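Not measured: the values here are computed from a predicted model. Order of the sequence lines fixes the chain letters, A, B, ..., with proteins taken first and strands second; residue numbering starts at 1 for each chain.
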Amino acid sequence: MHPVRVRFAPSPTGALHIGGVRTALYNYLLARKTNGTMILRIEDTDQTRFVPGAEEYIMKSLEWVGIKIDEGAAQGGPHAPYRQSERKAIYKQYAQKLIDEGNAYYAFDSEEELEAMRNRLKATGSSLQQYSATTRMMMANSLTLSESEVAQKLAAGSPYVIRLKVPDSEEIELSDLIRGEVKVHSSQIDDKVLMKSDGMPTYHLANVVDDYLMQITHVIRGEEWLPSAPLHVLLYRFLGWEKQMPQFAHLPLLLKPDGNGKLSKRDADKAGFPLFPLNWTDPNTGELSKGFRESGYLPDALINFLAFLGWNPGTEQEIFSIQELIDSFTVERIGKAGARFDILKAQWFNQQYLKARTNDELAVYLLEALPPNLCSKEKAAKICGMLKERVTFTHDFATQARFLFEAPTVYDPQVISKKWNDDAVNVLTAFSEALKKLTNPTAEVIKTTLEQVTTSLNIGTGKILQALRVAVTGAGSGPDLMLSMEILGSQEVITRIQRAITTIKKI
RNA sequence: GGUCCGUUCGUCUAGGGGUUAGGACAUCAGAUUUUCAUUCUGGUAACACGGGUUCGAUUCCCGUACGGACUACCA
């Protein structure tokens, strides 16, 4: 396949939704697979929805998940600027071309007039309440007004928009890589606003102009754009760019985990999982939205999970590195139906990736949760090695390792009532005595020591193991006890056993 | 309402005119681990419905139902 030029084009109106991350991912995979170019274009044409920090957030998020941008607002490139607000003059020029050639027109209607038009149409029982071929001649625009009236209004600075003059009766065909041929009749499309009264273009114009100018070969975007894709085809045609029109691929939506509909923040909050890559605090409301990173997910696990929501390689392999995804990705294997977001599956992926990390890599997650200088790197790596089979999230290391740094203050009452008895106390007493004779014993040595004690007292090791565990850790279950005691050190183990014997007696 | 898109186990999905409809997550049972977790083995579980076409349809066609997206001077 020839090198593609693809773009991810978010608008900086808030945190980057996980669905957006998947769109970016599919674009990225295709770019890398074909040795093509990945472009990040900031679509900030809506000044009213601008949110400070959102653009930086998007960039940081993509960086975290490992999607590297070749051309974009931050890295520049041959088609700079990559921020639409900085390309205002460019759009204006093409809007003018459309007007000059009779494919667009000025419209001066106020909001109230538009509202009145829609109500009028509604009252007649019309199925469409649109500014279109059937209604445009009843409105205030350069089609109905005389040339001098229009010139006068323009000169007087009356607010206006530029609308596309959609042909009234024509079948518009478009070919989608995922859905095949899609046909829409032009009567269903309204005379979309191309330039807003503030001088900014709308998405429709800006997107077509930029995709052409930036030589985009494939437009991979969410399914919500499918209904307006025929409009974009029209725009390419009127601008004389039909031969250079990119190929379209409209991705299936990410759906709510239960019930139906597009996945939203509400659903995520309700089900208690994040919906954004990184933590995000809304500058206006101060509301904090949890990120996958802060919730303990690994970026490559998240990417693997996301890649499989709407795409699959056709083999039985489930775990894919980003490079493997790049190698096996094809748009042909993208599905058509929306995919439910199943956080349990994401957790499983995370667990698999955590297990595959080296102990040294994992040590970072433990260390960052601990007070400085409490634990050496080597010790942290050892602890993580012991714990890695039992964790789902990065923060699990710290919570599960807690007993190694803090002696228990409470003891699991269930274990005590079932397993704490004279035999246990006898073994523990003798065991701690035996430990005193050892220096830095390994798990192996500790184990044989314990077995020697139990055999000499003629008590099964299994009978008292739970008691030992509860004495040392406070809990009835946990990681390998012998290894835990090795890490704790014999002195600490002795102290804990003795404390347990005296405190539990009182209960 | 209209337009467009979609529909295989609970979920993500493979498959495709004749298959014991395959895998993964979840779930259940057993084994291992003298705990829990991990791991292993096994089980339950799906072609939305109705018509065609055909010797045969889950697969192709048409409807119906259901679901979704869109229907802004938002993207």
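Per the geometry, CG belonging to A:D342 stands 7 Å off C1' belonging to B:A26, to the nearest Å. We find that CD of A:Q130 is positioned 11 Å from P of B:C73, with the value rounded to whole Å. Distance CG (A:D198) to C1' (B:C74): 12 Å, rounded to an integer number of Å.
Looking at the side chain of A:Q466, the nearest of the listed nucleotides B:A72, B:A69, B:U35 is B:U35. Considering only side-chain atoms of A:T202, the nucleotide from B:U13, B:A75, B:G68 that sits closest is B:A75.
Taking 3.5 Å as the limit, the base of B:A72 and the side chain of A:K192 contain no donor-acceptor pair of atoms between them.
Across A:P277 and A:Y57, no two heavy atoms sit closer than the pair CD-OH, 3.5 Å.
Rounded to whole Å, the P atom of B:U38 lies 31 Å from the corresponding atom of B:C47.
Ring centroids of A:Y160 and A:Y106 are separated by less than 6.0 Å, placing the two rings close together.
For B:A75, the OP1/OP2 oxygens have a side-chain nitrogen or oxygen of A:K196 closer than 4.0 Å. Residue A:K262 places at least one side-chain N or O under 4.0 Å from the OP1 or OP2 atom of B:C70. Residue A:R179 places no side-chain N or O under 4.0 Å from the OP1 or OP2 atom of B:C5. Side-chain N/O atoms of A:N312 include none lying less than 4.0 angstrom from OP1 or OP2 on B:U13.
Of the nucleotides present, B:A29 is the one that pairs with B:U41 by Watson-Crick or G-U wobble criteria, both distances under 3.5 Å.
Using modelled atom types and a 3.5 Å distance limit, the side chains of A:N207 and A:D211 yield a donor-acceptor pair.
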Where protein sits on nucleotides 38-43 of chain B, one letter per nucleotide: B base, S sugar-phosphate only, - none, heavy atoms under 4.0 Å:
SS----
Check the pair A:I319 / A:F349 against side chain to side chain contact (heavy atoms under 4.5 Å, CB included), numbers first and verdict last.
CA-CA 8 Å; A:I319 303 291; A:F349 273 111; 3.9 Å; yes
